[in-house]
Number of protein chains: 4
Amino acid sequence: MQSRTPAGRSGRPRSAAADTAILTATRAALVELGWSKLTLGDVAARAGVAKTTLHRRWAGKNELVLDAVAEPFDALRLPDRGTLAAGVEDVVLQPAAILDRPEARSGLMAAVAEATRDAALRERVRTSIVDRRKRLVVEGRARARARGERPVEFGPEEAARTADLIFDMVAGAVVHRSLVSAEPADAEWARSLTRVLLLGLAGAAAAGEREDRVPHANGGAGEA
Amino acid sequence: MQSRTPAGRSGRPRSAAADTAILTATRAALVELGWSKLTLGDVAARAGVAKTTLHRRWAGKNELVLDAVAEPFDALRLPDRGTLAAGVEDVVLQPAAILDRPEARSGLMAAVAEATRDAALRERVRTSIVDRRKRLVVEGRARARARGERPVEFGPEEAARTADLIFDMVAGAVVHRSLVSAEPADAEWARSLTRVLLLGLAGAAAAGEREDRVPHANGGAGEA
Amino acid sequence: MQSRTPAGRSGRPRSAAADTAILTATRAALVELGWSKLTLGDVAARAGVAKTTLHRRWAGKNELVLDAVAEPFDALRLPDRGTLAAGVEDVVLQPAAILDRPEARSGLMAAVAEATRDAALRERVRTSIVDRRKRLVVEGRARARARGERPVEFGPEEAARTADLIFDMVAGAVVHRSLVSAEPADAEWARSLTRVLLLGLAGAAAAGEREDRVPHANGGAGEA
Amino acid sequence: MQSRTPAGRSGRPRSAAADTAILTATRAALVELGWSKLTLGDVAARAGVAKTTLHRRWAGKNELVLDAVAEPFDALRLPDRGTLAAGVEDVVLQPAAILDRPEARSGLMAAVAEATRDAALRERVRTSIVDRRKRLVVEGRARARARGERPVEFGPEEAARTADLIFDMVAGAVVHRSLVSAEPADAEWARSLTRVLLLGLAGAAAAGEREDRVPHANGGAGEA
DNA sequence: CCGTAAACGAGACGGTACGTCCTGTCTTTGC
DNA sequence: GCAAAGACAGGACGTACCGTCTCGTTTACGG
C-alpha cells in the first residue's frame, strides 16, 4: 500500500506488526476524536510506536487516515442474489454499512474535503475507494447479463457516461442520506432508491430508442 | 446569523462591517489555502480585524467557515422556466455552480465531515444549506401544480419520504459528481440526471398504483 | 494625589467614593493575586467601576498600585518613647509592620523594581514613601536634642551623608530581613539592629574626633 | 542549575548551547526592556531558539530571569586584602557592582517582589544569591581568624543570629542605597558603612561582656 | 558469526497556530 | 458631560502538534 522497501534490502526490515497496529490505532483515534482532533503523536502513542516510524511510512495525516478507512473497502464482495435489483440494493447497502462506522464517517468525508485541494490524495481516493465500488457495479451488470437479464444498455460511449451517472447517484445518495440528512440508509430506503433508479434508467432507454438518442430531457418526463 | 446581540443594548455595538469583512476574508482564505490550512489568525489579518473579534462572534473555525460558504445559498432563487423538468435541472445546476467555487469545494465537505461529530454543527448545516435547497424543490413542485402539470404525488406521509429520497439523490449526486468523480456537473449531465429521476418517479408512481402502494422493489424493475 | 479636576467645572463631577473603592479594591487584589497577576480590569470590576474611570485617573498599573500601597505610610507617626534608642526602634518597627501586610510585600517591591526603569515612578516612590520615613528620623533626632540627648552630630554636610547612610542601613535591613531572609522583623531584632547602629555611630563619631574627620575605616575597627 | 535531565538518558540530549544563548539573551532583554516588558517570546527570538525550548527548561519568566541575573553571583570571589575591614568592604562592593548592571537592577528586585508570593521562587533566590553572598562573609571571618584578627565573637547560637543581622544590614543597605536612594554605592560609602558596622559590633560585644550577654538594647546605646 | 545498515524508541528542536487574557482606546446608552 | 457597558486592535501568554533531528539500541542480512 505504502510500504515497498525502496530498493536496497540490507538493514533491519520494517515491522509488519507496526503497520497493523498503526492503522488500528488510527481507526480507534478517529472514532474517539474525529479527523480534526486526531494527531499523529496520539496515534503513535496508541500504536506503541515512535512518531518517526509513522512519518517514515506515510507522508502525512491525510494519507494515513485514508489508508486506515479504505481498508474495509478492500473486503467488499457482491453476493449473487439473483436479480439485478437485489444486486443494486447490495451496492447501496454495503457502502452504507461502512459509512455507519464512526471512523469512516469523519475520516472519509475529511479525506474527500482534503482531496479537493490535493491531486495525489484525490487519485488515492479514486484507486482505493471509488474504483473498488465501481467494480461492484460492473460485476453486477455482468452477472445480470449472464443470467439473461437485459440491463439498460446504450452505445459503448454512452454506456460509460451512464455508468458514471448511476454511480454518482447511488454513491452520492448514500453519502448524503447518511451524513447530511443523518437518516439511516437501511434496506427499505435502499429498495426505494433502487426502484426509482432502475425505472428511470429503463424509461430513459425506452425514450432514447423512440427519439433516436440525445433526447430532450422534457421528452420522457413531461407527463410525469 | 450568529450575531444577535445577546440581550443588553448598552455598550459599543458590534461593527456590521466587520462581519462582512470577516466572511469575505474567510472565503478568500479558503480559496487560497483550503480548510485545513486556513487559520483564524490569518483570516483576522486579512479582514483587518483582531483575532478576539472573530472569537467573540463565532465559536470556532467550523462555524465560521460554514457561515462563509453558506452565504451564497441564501441568494438561491428558482426562475420559472416553464416545465417541471427545467425546474429540476435548475435545482441541480444552481448548487452545482456553487460547488464549482473553490471555497465551497473544500469548505463544505470539511464542514460536513466535522458535522459527523458535532450535532450543533450538523443542525447548522441543515438550516443554512439543506433547508434552503429543499425550499427550492417545494417551490418548484408548487409551481408545477399551479401550471397544471401533475408532479408525482403520493399520500402525504409517503410524499415526505419521497421528497427526502429525491433530495438525497439530487444533492448527493451533485456533490459526488463534483467532488469525488471530479467531473463537471454541467447542463448535459443535469439533463441526464433529471430525465432518469423524473422517469423513475413516474414509473414508481405508476407501479405503486398498480400494486396498491408499498411495492416490492423488484416489481417494476425486474425486467429493466 | 492624582485627581485634581482639571479646570473646567461643567458636567458631572468625579465621584470621590470611586477613588476610595478603587484603592481598596487594588489592595484586595494585591493580597489575592500579587502584583504580576493583578489586572486593571479586575480591579475595576472589584471596585464596581468602569475600566475607563481607572484610566482617567491613573496613568497605569504602576502608579495605581503605588498609590494604593503608599497610603498607609501617610499615617506614620512617631510616638515619643523617651529615648533615642526607643525612637530608632520605632523607626524600624513601623515600616516593618507595613511590610508585614501582604499587599505591601509584593506591591512595594514591584514598584521599586519598576522604578529602576522609570524616573517618574522613582520620584513618586521617593515623595510618597521614602520622604515620609525620613521625616520620622529627622523628628526623632530633633526630639532627642530637645530632651538633652546628644545624638551623634557631624558637620552639616557630613550630617546629611550620615543621615542617608543610617536610613539606607535601617530601611534596607528591614526590607531584606522581611522579604529576602523571610524572618520576622520583630522587637528583639529591632533592638539588636538599633544597638549595633547606635554604638557604631557613636564609635565613628569618637574616632572621627580623634582623627580629625575623614578617618580610615580601619582606624577604629581594626581591633574589633 | 535547572537542567539535570530527569532520569532517563534516551532521546536527543538537550543542547548546552541553548542554555547559554537563552540566559545571555535574557540579560540583554532585561537591559533593554526591564522585567515587566520582557517577553519570553522575545527572549526566545533573541536566542534563536523556539519558545517551547524555553518552557521546557524553565517554569516561567520568574525562574528564567532569576537564573539569568543570579549567574554573576556564582563568580563572586573574595580576594584576601589583609584586614577584616577591607574584607567587609569587598563584601559590600562586589554585590554593589553587580547591582550597577542594569539587568540586575530590575531583574533582581522583580524576582524578590515575585518571591513574596511564591515559596519555590523564594527558595531559589536563597540558594542562588543569598547563600552565595553569605559564603563570602563566612570566608572573610575565617581568614580574619587565621590572620590572628579576633572578629567579634559570640556564643554559637548568638553568633548565627548576629551573622544574619550583619547580612541583612549589609545586603539591605546596598540594595536600598543603589535602588531606592538611587545613589552610587561607591568605595567611600562602603568605607563609612563598614566603619559603623564594625564599630557597632565591637561595641555590642564589649557591652555584652559587661552585661553577661542578653543586654538590653538601651544599655550601651543610651548615651550615644 | 560478525559487521553493516536500516529501522526503531525516545525525546529535544524550530516552528506555527491555538484560544485566552489583558491593555488602552473607542463608541454607544443612560443618568 | 461623566459614567457604565462593552466592542475593538493589538499583542503576549502558555499549550499543543508538526515534521525534523539526533541520540542510543535492536534486528536482520550478507560477506
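Proteins get letters first, then strands, A, B, ... in listed order; numbering begins at 1 in each.
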Would you kindly give the CZ-to-P distance between B:Arg56 and E:dC21, to the nearest whole Å? 13 Å

Spatial distance of atom CD (B:Glu63) from atom OG (B:Ser128) [nearest 0.5 Å]: 11.0 Å

Let me know, please, whether D:Gly11 or D:Val49 comes out on the 5' side of the other along DNA chain E by nearest nucleotide. D:Gly11

I need the CG-C1' distance between A:Leu54 and E:dA10, as an integer number of Å. 14 Å

Below the 4.0 Å mark, does E:dG30 have OP1 or OP2 next to a side-chain nitrogen or oxygen of B:Ser10? no

CA sep, side-chain torsions, deciding dist, call: D:Leu23, D:Leu64, side-chain contact (heavy atoms from CB on, under 4.5 Å): CA-CA 8 Å; D:Leu23 291 176; D:Leu64 169 62; 4.1 Å; yes

Measure from the side chain of D:Ala50, starting at C-beta and using heavy atoms only, and say which of E:dT27, F:dT22, E:dG15 lies closest. E:dG15

Residue closer to the 5' end of DNA chain F, D:Gly41 versus B:Ala18 (nearest nucleotide): B:Ala18

Could you check how far CG of B:Leu40 sits from C1' of F:dG10, rounded to whole Å? 17 Å

For the backbone of C:Glu32 and the side chain of D:Arg117, can you confirm whether one donor and one acceptor N or O come within less than 3.5 Å of each other? yes

No-H, no-angle donor-acceptor pair, C:Lys51 side chain to F:dG6 base, under 3.5 Å: no

Between C1' on F:dC18 and CG on A:Leu38, what's the gap in Å once rounded to a whole number? 13 Å

By the 4.0 Å heavy-atom rule, please label B:Gly60 as base, sugar-phosphate, or nothing. nothing

In whole Å, what is the span from the CZ atom of A:Arg12 to the P atom of F:dC29? 12 Å

Residue mapping more 5' on DNA chain E - nearest nucleotide basis, B:Pro13 or C:Lys61: C:Lys61

Whole angstrom is fine here: how far is it from NE2 in C:His55 over to P in E:dT27? 16 Å

Atom-pair distance (CH2 on A:Trp58; P on F:dG19), nearest Å: 14 Å

At 4.0 Å (heavy atoms only), tell me whether B:Thr52 reaches a base, stays on the sugar-phosphate, or touches nothing. base

From OG1 (C:Thr26) to CG (C:Asp67), nearest 0.5 Å: 9.0 Å

Would A:Glu114 and A:Lys61 satisfy salt bridge (Lys or Arg N to Asp or Glu O under 4.0 Å), going step by step from the backbone distance to the final call? CA-CA 11 Å; A:Glu114 291 295 304; A:Lys61 179 165 157 173; over 6 Å; no

Whole angstrom is fine here: how far is it from NZ in A:Lys37 over to P in E:dG19? 8 Å

To the side chain of C:Thr39, which of E:dC13, F:dA4, E:dC22 is closest? E:dC22

